[in-house]
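Please read the structure below before turning to the comments.
If you're wondering where the values come from, they're calculated on a predicted model, not measured in any experiment.
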Amino acid sequence: MFSASSATFSSTNAGANPPRGRGIARLAASVVASGLVIAGALVGAGTASADEAPQHQGGATAVLDGLKTFDRAVLTTDGKKQELPAGLFEMTVDGGGKLKTYCIDIHNPTQDQAKYLETPWNQTSLGANKNAGRIRWILEHSYPQIDDLAALAKQAGTGPLTERTAAAGTQVAIWRYSDNADVEAGDKQAEKLADWLGENAEDVAEPKASLALDPAAVSGRSGERLGPVTVRTNAGQVSVTPPADSASGVKVTDKSGKPVTAAANGAELYFDVPAGAADGTASLTVQATTSVPVGRAFAGVTKSQTQILAGSSESTVSATATATWAKKGAIPAVTAKKNCAKGGVDVTASNEGDEAFTFELAGIKHTVEAGASETVTVPVAEDQAYDFTITGPGGFTKTFKGVLDCKTSGSPTGGTDTQTVDQPAPASAGGSSTGTGGDLAETGGSSATPVIAGIAIALVVVGGGAVFLLRKRKTQTAAE
């Protein structure tokens with residue numbers, strides 16, 4: 001018999017804007033579960049399971065290579081001065097390509113070789129930042145977008161600039177808007193550049209995703225074309241990969257039923273499901289090579305400092321959509337995305353079947369009538385890693401995981417080891433240590449890594465993930 005689940009997520013966030021630390025205590029989450037809900041688990045902040053990929057709304061996926069072009073800056077926090085590196089990070093894109101980024105969370109360390117996903121602003125700290133548009137303006141009007149440093153220096157009235165000082169000045173200007181930080185560049189010309197950028201920055205709109213599919217999940221009866229799934233991209237054309245399981249007979253087509261192998265921005269794709277197909281699910285993938293728009297945010301799959309794109313080579317971008325079909329009964333389509341405004345994850349369940357679809361979430365029963373949809377926000381504490389699986393009739397299952405990182409830390413308390421400038425081997429608040437050996441500065445690692453590892457262990461001990469079991473209202477299936 002199905003046993004109802006309950007999930008309780010605790011958070012001690014005081015609000016969307018006040019500065020705060022990142023101690024272990026406020027990261028704690030407790031989950032109470034019984035019966036079949038044991039499949040869920042809270043993922044430590046420094047790790048992620050290899051068998052399930054985190055949800056991605058499309059675009060580039062990349063691995064952090066480290067801080068590459070930087071100079072010095074001085075951060076003042078509570079009257080104490082801390083020297084740290086400031087400049088450009090580099091990332092390697094899965095499938096090919098390189099990205100250059102600046103960080104937008106000065107007190108949060110980066111993790112060596114962390115994986116990042118192209119992410120909408122409203123799912124990061126930029127969503128609540130009234131100056132997010134000014135940060136994008138800075139990126140478009142400084143290095144490396146402006147690589148003629150003599151011209152940049154002349155326009156800004158700074159005096160001679162190098163790649164290192166131009167990168168440092170740009171990062172300092174960004175930190176003043178992203179973190180409201182009291183920070184100055186160590187080099188006089190870099191400081192003048194930071195001042196000029198801050199004084200002239202204008203509010204511009206968020207750039208669109210390099211590639212996305214909307215919606216990311218559809219459902220319907222076998223014998224129909226399920227969709228449409230609309231392609232959103234800045235690439236001239238994307239390739240379309242149909243479901244891998246050819247035995248099901250499901251094809252990707254346009255509205256008229258013509259098979260599709262390539263598509264452009266605005267194209268509508270459908271899953272053409274044969275009438276005799278057994279109840280099931282399938283996915284399609286679209287992929288392209290394009291330059292990711294400057295100003296796109298990149299959020300860590302695990303807890304690692306959020307980045308913002310400053311430059312992109314031609315890079316591989318992709319997006320995936322799924323379809324669920326059945327002959328009768330409830331036919332679910334489920335998606336999830338971070339909701340920073342509400343401090344949680346939005347789980348949206350739609351039902352294209354002919355019976356009501358019922359699921360329990362945090363001890364509350366929700367019913368989605370035939371042809372309707374419902375969105376439920378699952379509360380998740382700031383900085384908490386989440387990992388939950390939703391199951392339903394006909395073997396339907398969907399796993400969602402990630403880290404809710406919606407705010408900048410505001411101060412280094414509990415998040416990084418800090419040293420003042422008069423101490424040897426200063427550690428950065430920007431995510432990489434610059435001790436005398438210099439290794440960590442090159443990799444983007446941090447002296448705070450042991451702290452993060454400790455948080456990860458603590459999360460595994462005190463937390464648990466939630467599994468939300470979706471089922472038919474009437475009779476239980478054998479899987480339940």
Side-chain angles (χ1 to χ4, degrees), residues 1-5 35-37 39-40 55 213-230 242-245 247-255 257 268-284 320-337 345-378 388-400 466-480:
M1 177 63 69
F2 172 84
S3 184
S5 66
L36 298 178
V37 301
Q55 71 266 24
L213 292 174
D214 181 30
V218 294
S219 65
R221 293 182 180 85
S222 49
E224 299 178 348
R225 293 189 190 103
L226 312 184
V229 174
T230 304
D245 181 15
S248 68
V250 177
K251 299 178 181 179
V252 179
T253 71
D254 61 15
K255 187 176 183 179
E268 294 184 338
L269 307 178
Y270 292 79
F271 291 85
D272 194 326
V273 183
D279 296 359
T281 63
S283 63
L284 68 84
T320 299
T322 61
T324 302
W325 63 88
K327 297 179 181 64
K328 60 181 181 178
I331 311 175
V334 182
T335 60
K337 64 180 181 179
V345 178
D346 281 348
V347 177
T348 299
S350 62
N351 176 18
E352 293 299 327
D354 53 19
E355 293 182 10
F357 188 66
T358 300
F359 64 98
E360 293 188 13
L361 181 56
I364 301 175
K365 182 178 290 186
H366 303 270
T367 297
V368 182
E369 299 296 337
S373 66
E374 180 176 349
T375 297
V376 180
T377 302
V378 183
F388 56 89
T389 297
I390 297 173
T391 62
F396 176 87
T397 182
K398 194 79 172 178
T399 296
F400 301 103
V467 174
F468 307 120
L469 300 176
L470 280 71
R471 61 184 177 83
K472 295 182 182 178
R473 177 189 294 178
K474 297 181 179 179
T475 60
Q476 303 295 332
T477 67
E480 292 171 333

Legend entry - Between OG1 on residue T230 and CG on residue D214, distance to nearest 0.5 Å: 6.0 Å

Inset, instruction - Apply the test side chain to side chain contact (heavy atoms under 4.5 Å, CB included) to residues D354 and R221: give CA-CA distance (whole Å), side-chain angles for both, the deciding distance (0.1 Å), then the verdict. - result: CA-CA 9 Å; D354 53 19; R221 293 182 180 85; 3.2 Å; yes

Inset, instruction - Work out which heavy atom in F357 is nearest to a heavy atom in A330; give both atom names and the distance. - result: CD1-CB, 3.3 Å

Inset, instruction - Return the minimal non-hydrogen interatomic distance between Y270 and D254, and the atom names on each side. - result: CD1-C, 3.6 Å

Inset, instruction - Sequence neighbours left out, what passes side-chain contact (heavy atoms from CB on, under 4.5 Å) with K327? Give chain and number order. - result: S222, D279

Legend entry - Interatomic distance, T253 atom OG1 to L269 atom CG [nearest 0.5 angstrom]: 8.5 Å

Inset, instruction - Find the distance between CG (L284) and OG1 (T320) and round it off to the nearest 0.5 Å. - result: 7.5 Å

Legend entry - Residue pair W325 / A277: nearest heavy atoms and the distance that separates them: NE1-CB, 3.8 Å

Legend entry - Any side-chain heavy-atom pair of F271 and V218 under 4.5 Å: yes

Inset, instruction - With sequence neighbours excluded, tell me which residues meet side-chain contact (heavy atoms from CB on, under 4.5 Å) with A278. - result: none

Inset, instruction - Quick one: do L213 and V229 satisfy side chain to side chain contact (heavy atoms under 4.5 Å, CB included)? Show the steps, please. - result: CA-CA 6 Å; L213 292 174; V229 174; 3.7 Å; yes

Legend entry - Closest contact, heavy atoms only, E268 versus P228: CB-CB, 3.8 Å

Legend entry - Interatomic spacing from NZ in K337 to CG in D346 - rounded to 0.5 Å: 6.5 Å

Inset, instruction - Indicate yes or no for a side-chain donor-acceptor contact from N351 to the backbone of G371 under 3.5 Å, with no hydrogens or angles considered. - result: no

Legend entry - For P215 against A321, the heavy-atom pair lying closest together: O-CB, 4.1 Å

Inset, instruction - May I ask you to test the P243-V252 pair for a side-chain heavy-atom distance under 4.5 Å? - result: yes

Inset, instruction - Compare every heavy atom of A356 with every heavy atom of T367, then report the nearest pair and how far apart it is. - result: CG2-CB, 3.8 Å

Legend entry - Results of side-chain contact (heavy atoms from CB on, under 4.5 Å) for A216 - residues two or more places apart only: T335

